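Index from 1, following the sequence. All figures in this text were calculated on a predicted structure; none of them were measured in a lab.
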Amino acid sequence: MEDDKMQKIDEEEVEEYKWREVILPSLIPKVPEPELERESVERRRGRDVIIAVDHGPYSKHAFDWCLAHFCRIADTLHLVHAVSSVKNEEVYEATQVLMETLAVEAFQVLMVKSVARIVEGDAEKVICREAEKLHPAAVVMGTRGRGLVKSVLKGSVSEYCFHHCKAAPIIIVPGKETGEASTL
């Protein structure tokens, strides 16, 4: 009986995976891989870093923090944005503009390349699924800093990812008002 329950739960979790790649601007020049002779293999090869982005200030603050404190020159940023429908052209275009801006900024500030993806689904599940596929060095996301009681009662994407994402460490960057001002 318990096996039937587990099988039913597994079937419910398998849902169709829809996403759209974001074409980033040609404003970012193609540069050769950095020549880092004395660096370790991981540093020379670079790491994959997922940054959960949306149109809010907490996401931008987490992006700025990641560039200032975590990323290094050979890394690849994977910008991930969850939406309810990938077929909604208005949402896609607005998100494309946001991701283009972030990709250009990442290149100008730290010369890291970016890959952007808009994925259909609940934000918390999308982020965990992307981490499972990519196995990044870290998943960086922002939070409003609502506190334990409010985040437990209302639910929180960062709280969910912290407890359910086993493929990578989760770095939760608190909002500006809860800590330091933006670093960039």
- Give the intermediate values and the outcome of side-chain contact (heavy atoms from CB on, under 4.5 Å) for residues L77 and F63. CA-CA 10 Å; L77 294 181; F63 175 82; 4.0 Å; yes

- Item | Residue pair S59 / A52: nearest heavy atoms and the distance that separates them | OG-O, 3.5 Å

- Under the side chain to side chain donor-acceptor pair (under 3.5 Å) test, residues paired with D48 that sit two or more places apart: H78

- Where do T143 and S158 come nearest, in terms of heavy atoms and distance? OG1-OG, 3.6 Å

- Task: Mind checking side chain to side chain donor-acceptor pair (under 3.5 Å) for H163 and listing every partner two or more places apart, or none if nothing turns up?
- Result: E159

- Are V112 and V115 in one and the same hydrophobic cluster, where Ile, Leu, Val, Met, Phe, Trp and Tyr link if side-chain heavy atoms are under 4.5 Å apart? no

- Which atom names give the shortest non-hydrogen contact between C66 and V140, and what distance separates them? SG-CG2, 3.8 Å

- Task: Apply salt bridge (charged side-chain N to carboxylate O under 4.0 Å, His left out) to E89 and list each qualifying residue two or more places apart in sequence or on a separate chain.
- Result: R20

- Query: Looking at residues at least two apart in the chain, or sitting in another chain, which of them share a side-chain contact (heavy atoms from CB on, under 4.5 Å) with A116?
  - Reply: V22, L24, L79, M99

- Query: Among all residues two or more places apart in sequence or in another chain, which pass the ring pair (Phe, Tyr, Trp, His ring centres under 6.0 Å) test with Y160?
  - Reply: H164

- Item | Residues E120, K125: salt bridge by 4.0 Å N-O rule | no

- Message: Ignoring hydrogens, what is the shortest heavy-atom contact between P136 and P169? Give both atom names and the distance.
- Response: O-CD, 4.5 Å

- Note on the structure: Tightest non-hydrogen contact, residues A167 and A131, listed as CB-O, 3.4 Å

- Going by the angle between their ring planes, with limits at 30° and 60°, are W65 and F70 parallel, tilted or perpendicular? parallel

- Message: Would you say V97 ends up clustered with V86 if hydrophobic residues are merged whenever their side chains have heavy atoms under 4.5 Å apart, either directly or through other cluster members?
- Response: no

- side chain to side chain donor-acceptor pair (under 3.5 Å) involving Q96 - partner list, sequence neighbours excluded: E100

